[in-house]
Amino acid sequence: MLMSRRRFCHQSLVALSITPVLKKSALAQALRSTGLKDLYKDDFLIGTAVSNRTLQEEDRAMLDLIAREFNAVTAENCMKWGQIHPEAERWEWELPDRLVRFATGRNMYILGHTLVWHSQTARDLFRAASGTGVITRDDLLRKMEDHIRTLVGRYKGRIAAWDVVNEAVDEDKGWRRSRWFEILGPEFLEKAFHWAHEVDPKAQLLYNDYNMHNPGKAKFVAEFVRDFKKRGVPIHGVGMQGHVGLDYPDIREFEASVLLFAEAGVTVHITELDVDVLPQRGASGTAEISTRVEYSTELNPWSDGLPTEMQDRLARRYEELFRLFLKHRNLIDRVTTWGTSDDESWKNNFPVPGRTNHPLLFDRKKQPKPAYRAVAALKTPS
Ligand code: G3I
C-alpha cells in the first residue's frame, strides 16, 4: 500500500523534514512555502479535484495553490466519458493532457476519474449502431473495451490510479439499475477492471462510490470486492467519496466502513471529501447528481460569508474526520477534497441550484479557512 506514497512523494519528503521541530507560531510561515501534503507526508496522500475552468484558463493562482498544498490530483470532469470521448470517433485530449502535464511535472499522484459511470456519458453510447433502438451487449462491450484501452493506454505509467467503476451500487438495494447493468449485468464491472489492468498492470484500480458509510451499501461493496479478489479480478482499492455534512453521517458509521473495506483486502481512498454547511431538505446526504431541490432564501443563509460560529463547526467537523483518517493511516492511502476553494465547489449548485456553500478548506479568495488550520494543527506539535 505504501508503495504509491513512496513513489510519488519524494519531493515533499525532502521539503518538510523540519516539521517535527516547528512551533505552532511558525506554522503559518512554514505553510507559505509548503502545505498540507508536507504535514501529512508520512500518513497519506493529500489530494484535490481540478476543475475544467482551472485547466481551460490555466489559472496560475489556483495551480500554484494546488502545487503547494496537494500531492495528488483528480480530474473533476475532463476525463468523464461524455467530455473526453463525446462521439465514437472523437476524443477531447486537451484538458486531460494539460492536467497530466501539470501533475507529472510536479511528481504528483494522478487519479483518472472515471472509466465507467452511468452519468455524464456520451449521447450515443447506449444507442444501436443503426441509430434506432438499444445497443447490443456485444457492441457495448466492444465500445467499453475500446474506451478503456485507449484512455488508460494514453496515460500508462503517468496516471497512478483509476476510478474504474463509479457508483454502480444503489444504496442498500444492491446493483444500481443503470444502462450498463441493464445491458451487461454485473459482469460489466469485472470486464472493466480486467481491461484496465491489462493495459496498465501497475495502475491502482478502484471502485468509487458515495454514501459508503451506509452499512447496507458498504456490506454489498465489501462482498463483491472479496468475491473479485477470490476470483482474480484486479481490484486494489475502494473509494469512499465522503460528501458529508456537519452532522451526517455519524463518524462511527464512516469508520466501520473503512474497517470493512480493509478487511475485504483493499486499501481505502477518501476520494471526494467536502462538508456541506447549508440547510438540508429532503435529499440530504445523497450525491446522486440527478437530485434537484427548489431554491429558496431560507436554504441559502450564508451568501455573504460564513459566520464565525459556523466556521468553527466546520473546523471541528474536518478535525473529527482527519482524526479518524489518521487513526487509520495504515489503511488509508489518500484523502482528496472535491475541489480547492469554495467558489468552485459543485455544492454551490447541488442539490439546490444557485446557493453559496462553504464546504472546502479554502475560501473564495483562496485563503485557508479555520477548517484548514484545524487539519494542519493535527500534525503540528503543540
Ligand atoms: O461542459 C459543460 C459546458 O460546456 C456547459 O457550458 C456548462 C453549462 O452548464 O456545463 C458544462 O458541464 C458541466 C460539468 O460539470 C463541467 O463543468 C455539467 O453541466 C455539470 O453537471 C457537471 O457537474 C459535475 C458533476 O459531477 C456531473 O458530472 C460536477 O462539476 C462534479 O463536481 C461532479 O462530480 C461528481 C463525481 O464525478 C462523482 N461523484 C459525485 C460528484 C458530485 O456529483
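Quick caveat: nothing in here was measured; it's all calculated off a predicted structure.
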Would a line drawn from the ring center of His243 to the ring center of Trp346 be shorter than 6.0 Å?
-> yes

To the nearest 0.5 Å, tell me how far Phe254 CZ sits from Leu324 CG.
-> 7.0 Å

Between Thr336 and Arg334, a side-chain donor and acceptor under 3.5 Å | yes

Output yes when Arg137 and Glu187 qualify as a salt bridge under the 4.0 Å nitrogen-oxygen rule, no when they do not.
-> yes

Thr356 side chain reached by His358 side chain, heavy atoms, under 4.5 Å = yes

Is a side-chain donor-acceptor pair under 3.5 Å present for Asn348 with Asn357?
-> no

Rounding to 0.5 Å, atoms OG1 (Thr267) and CD1 (Ile332) come to a distance of 10.0 Å

Compare every heavy atom of Leu65 with every heavy atom of Phe70, then report the nearest pair and how far apart it is.
-> CD1-O, 4.4 Å

State whether Asp170 and Arg176 are salt-bridged, where the test is any N-O pair (Lys NZ or Arg NE/NH1/NH2 against Asp/Glu carboxylate O) under 4.0 Å.
-> no

In plain terms, say whether Asp97 and Arg154 are close enough for a salt bridge, that is, a side-chain N and a carboxylate O under 4.0 Å apart.
-> yes

With a 3.5 Å cut-off and no angle check, do the side chains of Gln120 and Asn77 form a donor-acceptor pair?
-> no

Test: Asp227 and Arg231 ion pair at under 4.0 Å | yes

Kindly say whether Ala376 contributes a backbone atom to a donor-acceptor pair with the side chain of Thr380 at under 3.5 angstrom?
-> yes

Any side-chain donor near an acceptor of the partner, Asp138 and Thr136, under 3.5 Å = no

Close side-chain approach of Leu273 to Trp338, heavy-atom, < 4.5 Å | no

Check whether any side-chain heavy atom of Val134 lies under 4.5 Å from a side-chain heavy atom of Ile183, and answer yes or no.
-> yes

Kindly determine whether Glu319 and Arg323 satisfy salt bridge (charged side-chain N to carboxylate O under 4.0 Å, His left out), including the steps that lead there.
-> CA-CA 6 Å; Glu319 183 182 332; Arg323 270 191 203 286; 2.8 Å; yes

When clusters are formed by joining ILVMFWY residues with side-chain heavy atoms under 4.5 Å apart, either directly or through shared neighbours, do Val238 and Leu260 land in the same one?
-> no

Are any of the side-chain nitrogens in Asp146 or Arg149 under 4.0 Å away from the carboxylate oxygens of its partner?
-> no

Please test Lys369 against Asp342 for salt bridge (charged side-chain N to carboxylate O under 4.0 Å, His left out), starting from the C-alpha separation and ending with a verdict.
-> CA-CA 10 Å; Lys369 292 159 61 177; Asp342 287 336; 2.7 Å; yes

Any Lys/Arg nitrogen of Arg316 or Glu320 sitting under 4.0 Å from an Asp/Glu carboxylate oxygen of the other?
-> no

Check whether the side chains of Asn300 and Tyr295 place a donor and an acceptor atom closer than 3.5 Å, and report yes or no.
-> yes

Fit a plane to each ring of Trp180 and Phe126, take the angle between them on a 0 to 90° scale, and name the class: parallel (under 30°), tilted (30 to 60°) or perpendicular (over 60°).
-> perpendicular

More than 12 heavy atoms from other groups under 6.0 Å of CG on Asp304 | no

Is the CZ atom of Arg123 crowded by more than 12 outside heavy atoms at less than 6.0 Å?
-> no

Any donor-acceptor N/O pair, Asp59 side chain to Met62 backbone, under 3.5 Å | yes

Please confirm whether the backbone N or O of Leu360 pairs with a side-chain atom of Asp274, one donor and one acceptor, at under 3.5 Å?
-> no

Ignoring hydrogens and geometry, is there a side-chain-to-backbone donor-acceptor pair from Arg179 to His118 under 3.5 Å?
-> no

What is the distance from atom CZ of Phe362 to atom OG of Ser345, rounded to the nearest 0.5 Å?
-> 14.5 Å

Kindly compute the distance separating CD1 (Ile251) from CG (Leu321), expressed to the nearest 0.5 Å.
-> 4.5 Å

Counting only N and O atoms by type, is there a donor-acceptor contact under 3.5 Å from the side chain of Lys143 to the main-chain atoms of Leu125?
-> yes

Could you check Glu171, Gln241, Lys217 and say which one makes a side-chain hydrogen bond (donor to acceptor under 3.5 Å, both in side chains) with Asn211?
-> Glu171

Student check: side-chain heavy atoms of Leu331 and Phe261 closer than 4.5 Å = no

Do the side chains of Val233 and His194 get nearer than 4.5 Å, heavy atoms only?
-> yes

Common cluster, Trp117/Trp91, ILVMFWY with side-chain heavy-atom separation under 4.5 Å = no

Minimum side-chain heavy-atom gap Glu76-Val50 below 4.5 Å | no

Can a salt bridge be assigned to the pair Asp363 and Lys365 using a cut-off of 4.0 Å between side-chain N and carboxylate O?
-> no

Using the six-membered ring wherever Trp is involved, compare the ring planes of Trp175 and Phe220 and label them parallel, tilted or perpendicular (cut-offs 30° and 60°).
-> perpendicular

Does a salt bridge link Lys347 with Asp276, judged by any charged N lying under 4.0 Å from a carboxylate O?
-> yes

Once the angle between the rings of His197 and His236 is folded into 0 to 90°, is it parallel (under 30°), tilted (30 to 60°) or perpendicular (over 60°)?
-> tilted

Parallel, tilted or perpendicular: which describes the rings of Phe322 and Phe325, with under 30° parallel and over 60° perpendicular?
-> perpendicular

Do Glu69 and Thr48 have side-chain heavy atoms sitting under 4.5 Å apart?
-> no

Any ion pair linking Glu92 and Arg90 (charged N to carboxylate O, less than 4.0 Å)?
-> yes

Taking the six-membered ring for Trp, are Tyr207 and Phe224 ring centroids under 6.0 Å apart?
-> yes

Do any N or O atoms from the side chain of Lys173 and from the backbone of Val169 form a donor-acceptor pair under 3.5 angstrom?
-> no

Does Arg98 use its side chain to pair, donor to acceptor, with the backbone of Gln56 at less than 3.5 Å?
-> yes

So, do Phe44 and His269 sit near enough that their side-chain heavy atoms are less than 4.5 Å apart?
-> no

